[in-house]
Amino acid sequence: MESGSILIVDDDHEIADLVGIQLSGEGYTVYKAYNGKDALDIFDREEIDLAILDVMMPIMDGNEVCGKIREKSTIPIIMLSAKDSESDKVSGLVNGADDYVTKPFNTRELIARVKSQLRRFQNFGGAESKKSGIVDIENLWMEKSSHQVKAYGKDVKLTPIEFDILFLMASHPNTVFSTDEIFERVWKEKSFEMSNTVMVHIRRIREKIEADPRKAQIIKTVWGVGYKIEA
């Protein structure tokens with residue numbers, strides 16, 4: 001059986017209840033809310049390990065809830081939406097979401113994504129990983145076992161996905177990674193038109209680590225190919 005506390009937020013009671021039953025059956029503790037305001041109240045009151053947020057909700061939409069959670073926590077956030085356009089996905093990722101699932105969805109697929117995100121997050125502090133690694137290159141220092149990051153000598157707070165993307169490139173300096181390769185190596189899934197997902201995460205990482213994100217010195221763009229970090 002699995003463990004962890006999951007917050008499900010959806011104004012469609014049937015969807016929230018169905019997902020809640022499935023996750024409870026897997027062993028998770030489930031909290032449910034049907035609007036953004038109640039979701040934030042639960043988040044502030046309980047120890048939540050992962051949040052599943054519907055985008056379209058009354059009072060406060062999922063993107064706004066996601067942004068407010070990100071101000072306080074790096075827990076995994078999965079967005080749910082009936083919209084499947086790239087702009088909607090990008091909007092969720094810009095606000096700090098880790099994954100995006102389009103309605104209607106297969107409940108088993110959602111649960112698999114929940115487990116994948118929780119495994120990544122539970123390893124975030126390195127408690128289960130004995131293979132520590134340190135990257136020390138110009139203007140960037142990273143330690144895998146503790147997920148510590150320093151850029152230009154200052155501590156940087158990254159989500160687990162952001163850390164994995166940055167560590168992948170930083171531990172292979174001068175190697176150019178395509179967006180497809182980054183997605184497949186970090187998410188461990190086949191990439192099907194997921195380049196925008198990776199690009200949004202790269203943009204968020206740059207905003208956190210670069211002295212001037214508009215003139216990136218750490219993560220370099222290789223036009224038409226991908227991204228690299230130079231030693």
Side-chain angles (χ1 to χ4, degrees), residues 1-124 159-161 183 186-190 192-194 196-197 200-201:
M1 297 290 284
E2 305 290 342
S3 63
S5 297
I6 299 175
L7 173 62
I8 304 169
V9 191
D10 198 318
D11 62 326
D12 188 323
H13 289 224
E14 289 187 6
I15 291 178
D17 292 344
L18 174 62
V19 174
I21 290 170
Q22 295 290 331
L23 289 171
S24 294
E26 293 287 327
Y28 297 107
T29 300
V30 172
Y31 299 92
K32 291 181 289 186
Y34 306 109
N35 63 68
K37 182 178 181 302
D38 289 347
L40 291 176
D41 289 342
I42 293 173
F43 182 80
D44 288 337
R45 189 172 64 246
E46 307 292 344
E47 290 290 332
I48 303 298
D49 297 307
L50 180 145
I52 301 172
L53 309 177
D54 183 36
V55 173
M56 302 298 292
M57 292 189 296
I59 303 176
M60 185 184 299
D61 69 24
N63 286 329
E64 188 175 355
V65 175
C66 180
K68 289 188 176 298
I69 290 177
R70 273 290 168 259
E71 292 174 1
K72 306 173 182 179
S73 173
T74 61
I75 65 164
I77 298 175
I78 299 174
M79 305 297 291
L80 300 179
S81 177
K83 300 179 179 181
D84 61 358
S85 71
E86 281 297 314
S87 61
D88 291 313
K89 294 180 181 180
V90 168
S91 178
L93 295 170
V94 165
N95 282 287
D98 297 286
D99 205 350
Y100 194 106
V101 176
T102 303
K103 295 179 179 179
F105 55 85
N106 183 302
T107 308
R108 287 179 297 177
E109 178 190 353
L110 177 59
I111 290 175
R113 289 173 181 261
V114 166
K115 291 180 178 180
S116 175
Q117 291 293 339
L118 280 174
R119 279 196 300 269
R120 190 188 308 276
F121 186 67
Q122 288 163 355
N123 286 329
F124 187 74
T159 68
I161 285 282
F183 185 87
V186 172
W187 276 264
K188 302 196 184 329
E189 299 176 16
K190 292 297 293 181
F192 297 102
E193 298 182 355
M194 300 301 291
N196 273 0
T197 298
V200 170
H201 281 291

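In what follows, every heavy atom counts, from backbone to side chain, and hydrogens, waters and symmetry copies are set aside.
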Do [X] and [Y] come within less than 4.5 Å of each other through their side chains, counting heavy atoms only?
X: V30; Y: K32; result: yes
X: L110; Y: I78; result: yes
X: S116; Y: R119; result: yes
X: R70; Y: I77; result: yes
X: I52; Y: M79; result: no
X: V65; Y: D61; result: no
X: L80; Y: L53; result: no
X: F43; Y: V9; result: no

Check your understanding: By side-chain hydrogen bond (donor to acceptor under 3.5 Å, both in side chains), which residues pair with D49, not counting sequence neighbours?
Key ->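 With sequence neighbours excluded, D49 shows a side-chain hydrogen bond (donor to acceptor under 3.5 Å, both in side chains) to no residue whatsoever.
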Exercise for review: List in chain and number order the residues that pass side-chain hydrogen bond (donor to acceptor under 3.5 Å, both in side chains) with K103, two or more places apart in sequence or in another chain; answer none if no residue qualifies.
Suggested key: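 For K103, the residues satisfying side-chain hydrogen bond (donor to acceptor under 3.5 Å, both in side chains) (neighbours in sequence not counted) are D10, D54.
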Point-to-point distance, once rounded to the nearest 0.5 Å, from [atom1] of [X] to [atom2] of [Y]:
X: E26; Y: Q22; atom1: CD; atom2: CD; result: 7.5 Å
X: D99; Y: L50; atom1: CG; atom2: CG; result: 9.5 Å
X: K37; Y: E64; atom1: NZ; atom2: CD; result: 12.5 Å
X: T29; Y: L7; atom1: OG1; atom2: CG; result: 12.5 Å

Practice item. Walk me through it: do M60 and L40 pass the test side-chain contact (heavy atoms from CB on, under 4.5 Å)? Key: CA-CA 10 Å; M60 185 184 299; L40 291 176; 3.5 Å; yes
**Study point:** Check against side-chain contact (heavy atoms from CB on, under 4.5 Å), Y28 and I8
**Key:** CA-CA 12 Å; Y28 297 107; I8 304 169; over 6 Å; no
Practice item. Please check if atom CE in M56 has more than 12 non-hydrogen atoms from other residues, nucleotides or ligands closer than 6.0 Å. Key: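 No - once you tally the heavy atoms of other residues, nucleotides and ligands closer than 6.0 Å, there are 12 at most.
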**Study point:** CD (E14) with more than 12 external heavy atoms under 6.0 Å
**Key:**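 At most 12 heavy atoms, drawn from other residues, nucleotides or ligands, come within 6.0 Å of this atom.
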Review point. Where do Y100 and T102 come nearest, in terms of heavy atoms and distance?
Key: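 Looks like CE2-OG1, 4.0 Å.
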Check your understanding: Which heavy atom of A97 sits nearest a heavy atom of C66, and at what distance?
Key ->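 It is N-SG, 3.5 Å.
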Practice item. Please assess I6 against I48 for the test side-chain contact (heavy atoms from CB on, under 4.5 Å), listing each intermediate value before the final yes or no. Key: CA-CA 6 Å; I6 299 175; I48 303 298; over 6 Å; no
Check your understanding: Is it true that D44 and K68 make a salt bridge, defined as a side-chain N closer than 4.0 Å to a carboxylate O?
Key ->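 Looking at K68 together with D44, the answer is no, because their closest N to O distance does not fall below 4.0 Å.
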Exercise for review: Check the angle between the aromatic planes of Y34 and H13 and answer parallel, tilted or perpendicular using the 30° and 60° thresholds.
Suggested key: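 Correct class here is parallel.
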Review point. After noting the C-alpha distance and the side-chain angles of D11 and N35, does the key distance pass the side-chain contact (heavy atoms from CB on, under 4.5 Å) rule?
Key: CA-CA 6 Å; D11 62 326; N35 63 68; over 6 Å; no
Exercise for review: Output all residues satisfying side-chain contact (heavy atoms from CB on, under 4.5 Å) with R45, sequence neighbours left out; order by chain, then residue number.
Suggested key: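 By the side-chain contact (heavy atoms from CB on, under 4.5 Å) rule, R45 matches D41, I42.
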